[in-house]
Amino acid sequence: MKKVLILCTGNSCRSQMAEGWLRYFSKDTVNVYSAGTHPEEINPLAIEAMKEAGVDISHHTSNKIDNYMEINFDFVITVCDNARERCPYFPNTATKLHRSFPDPANATGTDSDQLKVYIEVRDQLKEYFKKFSEEHL
């Protein structure tokens with residue numbers, strides 16, 4: 001079974017939503033992990049945006065990249081520039097991919113305004129990880 005790590009800075013929004021999408025598209029045929037270089041609590045708006053799309057990430061946990069250094073990943077995917085720059089060296093042959101997505105945690109305005117930003121990023125992640133799963137898994 002292939003192993004995929006999705007890496008971001010806080011492991012609170014983008015990487016959590018990406019993990020949810022990849023689990024959804026891979027139908028449990030892949031071991032999916034997500035982590036952050038500086039993990040924070042999972043953002044409730046990320047959970048809400050994914051729930052609205054029918055994907056439950058409320059049980060996810062935020063993890064530090066150091067917890068996964070011994071795993072031989074097939075793919076390591078960074079979803080923000082900061083994580084790509086700080087991504088530690090993985091001593092294996094993992095294919096490293098990068099695609100930067102806007103940070104929805106930077107959204108301002110009302111809760112509704114902020115949720116719209118999360119939904120936009122959620123949909124961008126959906127498109128990317130659907131294509132990734134079709135091409136690589």
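Everything numeric here is computed off the predicted structure, so don't read it as measured data.
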Point to revise | Nearest-0.5 Å distance that lies between atom CZ in Arg23 and atom CD1 in Ile6 | key: 8.5 Å
Point to revise | OG1-CG distance between Thr110 and Leu115, expressed to the nearest 0.5 angstrom | key: 9.0 Å
Study note, to complete from the structure: Heavy-atom nearest pair, Met1 first then Asp28, reads CE-O, 3.8 Å
Check your understanding: Tell me, do Thr61 and Asn11 make a side-chain contact under 4.5 Å, heavy atoms counted?
Key -> no
Check your understanding: Name the one of Asp81, Ile77, Val79 that satisfies side-chain contact (heavy atoms from CB on, under 4.5 Å) with His98?
Key -> Asp81
Review point. What are the two closest heavy atoms between Cys8 and Cys80, and how far apart are they?
Key: SG-SG, 3.5 Å
Practice item. Using a 4.5 Å cut-off on heavy atoms from C-beta on, say whether the side chain of Glu52 contacts that of Ile119. Key: yes
Check your understanding: Closest approach of Ala35 and Lys64, non-hydrogen atoms and distance?
Key -> CB-C, 4.0 Å
Check your understanding: Would you say the side chain of Pro104 lies within less than 4.5 Å of the side chain of Glu120, judging by non-hydrogen atoms?
Key -> no
Point to revise | Check: Leu97 and Phe132 side chains under 4.5 Å, non-hydrogen atoms | key: yes
Practice item. Say whether, by atom type as modelled, one donor and one acceptor occur between the side chain of Ser62 and the main chain of Glu40 under 3.5 angstrom. Key: yes
Review point. Would Lys131 count as a cation-pi partner of Phe129, with NZ or CZ less than 6.0 Å from the six-membered ring centre and within 45° of the ring normal?
Key: no
Practice item. Locate the shortest heavy-atom distance separating Ile57 from Ala46; write the atom from each residue and the value. Key: CD1-O, 3.9 Å
Exercise for review: Apply side-chain contact (heavy atoms from CB on, under 4.5 Å) to Lys3 and Val30, showing your working.
Suggested key: CA-CA 6 Å; Lys3 294 182 274 311; Val30 176; over 6 Å; no
Revision key, fill the gap. Rounded to the nearest 0.5 Å, the CG atom of Leu7 sits from the OG atom of Ser34 at a distance of 9.0 Å
Point to revise | Close side-chain approach of Gln114 to Thr108, heavy-atom, < 4.5 Å | key: no
Review point. Is the shortest heavy-atom distance from the side chain of Ile42 to the side chain of Ile47 under 4.5 Å?
Key: yes
Exercise for review: Give, for atom OG of Ser133 and atom NZ of Lys27, the distance between the pair rounded to the nearest 0.5 Å.
Suggested key: 8.5 Å
Check your understanding: Is it the case that more than 12 heavy atoms not belonging to Glu41 sit under 6.0 Å from its CD atom?
Key -> no
Practice item. Please examine the side chains of Pro39 and Asn63, heavy atoms only from C-beta on, and report whether any two atoms are closer than 4.5 Å. Key: no
Review point. In chain order, what residues pass the ring-ring contact (aromatic ring centres under 6.0 Å, His included) check against Phe101, with sequence neighbours excluded?
Key: Tyr128
Review point. What's the spacing between Asn72 CG and Asp74 CG if we round to 0.5 Å?
Key: 8.5 Å
Practice item. Mind checking the CD1-OG1 spacing from Ile65 to Thr9? Nearest 0.5 Å is all I need. Key: 11.5 Å
Practice item. For Asn43 and Tyr118, test the side chains for any donor-to-acceptor distance below 3.5 angstrom and give the result as yes or no. Key: yes
Study note, to complete from the structure: On a heavy-atom basis, the closest approach of Phe73 and Val4 is CD2-C, 3.8 Å
Check your understanding: Do other residues, nucleotides or ligands put more than 12 heavy atoms under 6.0 Å from the CG atom of Asp113?
Key -> yes
Check your understanding: Using the ring of each side chain (for Trp, its six-membered ring), is Trp21 parallel, tilted or perpendicular to Phe25, with breaks at 30° and 60°?
Key -> parallel
Review point. Does the salt bridge (Lys or Arg N to Asp or Glu O under 4.0 Å) test come out yes or no for Asp56 and Lys51, once each step is laid out?
Key: CA-CA 5 Å; Asp56 181 12; Lys51 181 179 178 182; over 6 Å; no
Exercise for review: Work out which heavy atom in Val76 is nearest to a heavy atom in Ala94; give both atom names and the distance.
Suggested key: CG2-CB, 3.9 Å
Point to revise | By side-chain hydrogen bond (donor to acceptor under 3.5 Å, both in side chains) - contacts of Ser112 (at least two apart) | key: none
Exercise for review: State, yes or no, whether a side-chain contact exists between Phe75 and Lys96 at a heavy-atom distance under 4.5 Å.
Suggested key: no
Point to revise | Main-chain N/O of Met50 paired to Arg122 side chain as donor or acceptor, under 3.5 Å | key: no
